[in-house]
Amino acid sequence: MGTATGIIKALNSGIKHLAVKRFTLRYPEQKLKLVGDGYQFDPSTGVGIAGYKGRHMLFHDHCTGCQLCSIACEGVAEAIAMVKVQEDWKQNKKAIMPQIDYGKCVFCGLCVDACPFYALYMTNDYELSSFTKEGLIYTPAQLQVKPNIAQDVELKFDNPRGATHG
Amino acid sequence: MLKDLLTPQNANVFVGKLGDVLVKAVDQPLGYAINWSRLWSLWPVHIETACCSVEFGAASGPRYDVERFGIIEAFGSLRQCDLVVVQGTITRKMAPRLRLVYDQMPEPKYVIAMGACAITGGLYFDSYNVLPGIDGILPVDVYVPGCPPRPETLIQGCMLLQEKIKRLKAR
Amino acid sequence: MSSTSLPPGLQIEKVDERIMTLNVGPQHPGSGHMRIIVKIDGDYIVSADPDPGYVHRGEEKMAEYRNYILNIPHLERPVIHDSCNVLYPYCLGAEELLGLEVPERAKYLRVIASELNRCVYIQYWLAIYGIFLGHSTMFMWPAGDRELLIDMLEKMTGARVTHSYFVPGGIRNDVPANFEDMLLKRVNYFEKRIKEYAAVFAGKLSREDAIRLGTTGSTLRASGVNFDLRVKEPYDAYGELDVNVPVLKEGDSYARSKIPWLDMLESCNIIRQAVQKMPKSGSVRVKLKPNPKGGNDEVYKRVESGRGSLGCYIVSRNTPEPYRLKLSVGSFRNLICLPYLLKGEKLGNMPAVYWSLNYWPVEADR
Amino acid sequence: MSEPETNPVEQPASPATPSSTPPAAKPATTPPPAAKPVPVKEIPPFEKSIADKVEAEFSGKVKVEFVKENRIRIKTSKEDVVQVAKFLRDEMHYDHAESVSGVDYPAEKEIEVVYHLGSYTDPQLANQVLALATRAPREENPNPGFDSTRLPSLRDVFYSVEFHERECFEMLGVFFEGHPDNRRLLLPEDWADLPPLRKDFRNKGR
């Protein structure tokens, strides 16, 4: 008797799930929408702004070459190196800017917390895989580019047929 | 005409030439077919080296489902596997075991370094028991950065590996 | 004595011909990042010797070179899918050493984040339990439902698993707009889903032995000891919330795997309460000086993580870096049960018993 | 505790009064400090009673280093540690050890081993943690297992310290006499350097 009810229960559960919609996010075609434009930090209040911690974005017109991000990273992963750039900015006399090695970066965002001049933010870009280690090193010029990714799919779970993406 | 060309003296040469032509005509499509079948059936080894295995598990779960790309969930024995996903930190105790696993796998085999620790040592650059990256012990094909990488980044890395296999020589 | 003899597993021992030594792991679907040296007589295990350390990364040594803020990213790596809970005792300890007062809203947001993290941890643990038992559905369901809460945590903290969210003195960032509604909807759906789970095992641990072996977490509560630090020593906002801890008396591995599942239901309750009682706005972080120094003092703080009590012992000697930092983790404390429980079991039961201890090797090795 | 304090029981926590508090301790946010004055911490009575009982039993042999809320720290010499531990288990109902941590003090040529004891059976003690500290001599050129850095093992008193003591042996080189299984646990098999948690072992580049 126990066996029979067990089989019926199992069949019932299986049949119920025939009607449930597919949960899979079809990744290369669909991309998940993340909160905001990435993690940012407001040094005046000392509190961050919620967002995804992805690849960094560097604003060349704010960066003063103060090396605070590099010092913050020394205790974490030593991913940030300060390199010379061929640009002339009034606020950046030494003309040095951070260059980030994503082979080392752990995406903790403590460098963003360390920046007092609103120059370093994080973005929603996470597609960084590469064939070589050198391809993971991002120069200041590469970090300046705002990522343009069509991220528009959200997780929906309020319909009766289970959670889906769409 | 053909009879004139094909004399007993140069029969060997003729057959050899014909073989060359045949190989050229068949080899490229055949190689493509072999590579095609390889890239859609990658079998990763079930070896968890460190904490990135959490996101590797998530990638084979229902939401990201790497089986869409022919990458089977890591279940099989390593004698039938052709992909090592090094899931994070390699410590000095683990390194000989990882190499042992790699040596036991049949050719061809591919390596994905997943996570900052597997690429350069990452967070543990000054630890006394962690290798600074796996380049010293395994030939890496694709680097997937992140700590840990999102499953999307891992899938992107797998797609890069498939691109690479497509362009490799089949034999 | 280790300096004279060969390491375990490499020794040449004289054993009975009936007895065979098997190395399970580190590459084996029935072990995580560890090796279990089992001696078997036919199908029965004579003795089991765990050999951890494959992910020993020297976190405690590394902590002595970093100041109280820079210690955050690497101290959460031992359990990346429970990262808020593993950072919790460290942050509590550092707050006491540095003399910081946490804002009220931050306390509730910490409770919510750590309860969400507990659910995420347990779901992953259940999923891997499924793999160990060779059960595909048991992997797929928890791994899928886990993503609901991961998605929520990602919106809250900005990373899927390694959040780096707690800092001494509060949390890194406030939550996005209409967070409470999103959270409640998701938690309700999640609770409905996990009630659908209804899933039989071995390895019995009596109440007295559980106490004697000093186990913790689900291993302890499955043996009938009502001990949960969220009730017994409430930290942050847990004192104002109503926590009912599940306790079972059986002490077998079915009970040990049922306790975390019941814990998830309780977590949903706690989250709902916390959302109600949370101050709707306010500061979430105390400003810190760049290189804060702890006094000449020591603290031992503990919280209830997904794997049991997790203690953090910090000795400070007037420096910006901790003089000595020790994590007393649930996994390492539960490891001692393994040789004890496996003796006399069948070899086939080994994965079920091993993973029911709520053991995460990376945490045990640190 | 590195410095000898005059009367540690009377001074439970370092920031006792606002006057003695360093500037890092004052709340830097907008609410005025008058809203929540720092209460002068008094010695919690229950914890004090436990500490007094232990002190009365072993007068002169143990030293109560501090009594804070839910936390007591007792220091004893290595000859008396087994007796004190047995007393704590049988009379005071501390039934398991949560952690065993070694701390290296090269200046004092000593290694301290701290046992954090807790209780599951006594509901009154559920939120109490008692730190039992003892010290072993430290040698400049350690030879783990064969030098004078030795302590009696508490494994027969608290079964749960078994793996913790093994870890302490390999990380700091403190040999526990009477421990059944002093093998290597976490480090690689070929580790031949100093025990890594000693202060004279430096991580690379630091």
Visitor: Between B:P148, B:G146, B:A113, which residue shows the highest count of heavy-atom pairs closer than 4.5 Å to chain A?
Guide: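 Top option by heavy-atom pairs under 4.5 Å: B:G146.
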Visitor: Please indicate whether A:D125 has more than 12 foreign heavy atoms, meaning atoms of other residues, nucleotides or ligands, lying under 6.0 Å from its CG.
Guide: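 Buried by this count: over 12 neighbours within 6.0 Å.
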Visitor: If I compare all heavy atoms of A:L136 with all of B:P145, which pair ends up nearest, and what's the gap?
Guide: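 Minimum heavy-atom contact is CD2-CG, 3.6 Å.
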Visitor: Count the heavy-atom pairs under 4.5 Å between each of B:I155, B:L160, B:L161 and chain A, then report the option with the highest count.
Guide: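 Between B:I155, B:L160, B:L161, the count favours B:L160.
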Visitor: At a 4.5 Å cut-off on heavy atoms, which part of A:L128 comes close to chain B: side chain, backbone, both, or neither?
Guide: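 Both the backbone and the side chain of A:L128 come within 4.5 Å of chain B.
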Visitor: Heavy-atom pairs under 4.5 Å with chain A - which of B:G115, B:P62, B:G157, B:P151 has more of them than the others?
Guide: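 Counting heavy-atom pairs under 4.5 Å, the top option is B:P62.
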Visitor: Between A:S129 (side chain) and B:T153 (backbone), is there a donor-acceptor pair under 3.5 Å?
Guide: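 Between the backbone of B:T153 and the side chain of A:S129 there is a qualifying donor-acceptor contact (under 3.5 Å).
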Visitor: Select all residues of residues 95-110 of chain A having any heavy atom within less than 4.5 Å of some heavy atom of chain B, and report them by number, or 'none'.
Guide: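 Near chain B, by residue number: A:Y102, A:G103, A:K104, A:C105, A:V106, A:F107.
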Visitor: Just wondering, do B:R150 and A:Y27 contact through their side chains at under 4.5 Å, heavy atoms?
Guide: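 No. Closest side-chain heavy atoms not under 4.5 Å.
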Visitor: Among B:R63, B:R68, B:E67, which one satisfies side-chain contact (heavy atoms from CB on, under 4.5 Å) with A:T24?
Guide: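 Checked B:R63, B:R68, B:E67 against A:T24; only one passes side-chain contact (heavy atoms from CB on, under 4.5 Å): B:R68.
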Visitor: Where on B:D126 is there a heavy atom nearer than 4.5 Å to chain A: the side chain, the backbone, both, or neither?
Guide: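 Looking at B:D126, nothing touches chain A.
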Visitor: With a sphere of 6.0 Å drawn around CG of B:D103, does it hold more than 12 non-hydrogen atoms of other residues, nucleotides or ligands?
Guide: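 Enclosed.
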Visitor: Just how far is it from atom OH of A:Y126 to atom CD of B:E152, taken to the nearest 0.5 Å?
Guide: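 So the gap between those two atoms works out to 4.0 Å.
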Visitor: Check B:F125 against A:E74 and note the closest heavy-atom contact, atom names and distance.
Guide: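 Minimum heavy-atom separation between B:F125 and A:E74: CZ-O, 3.3 Å.
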Visitor: Can you confirm whether B:V140 sits close enough to A:K133 that some side-chain heavy atom of one is under 4.5 Å from a side-chain heavy atom of the other?
Guide: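 No; the side chains remain at least 4.5 Å from each other.
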Visitor: Quick one: of B:V142, B:D141, B:L123, who has the most non-hydrogen atom pairs under 4.5 Å with chain A?
Guide: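 Of the candidates given, the most pairs with chain A belong to B:L123.
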Visitor: Please state whether the side chain, the backbone, both or neither of B:Y143 comes within less than 4.5 Å of a heavy atom of chain A.
Guide: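 Answer is both: backbone and side chain atoms of B:Y143 are under 4.5 Å from chain A.
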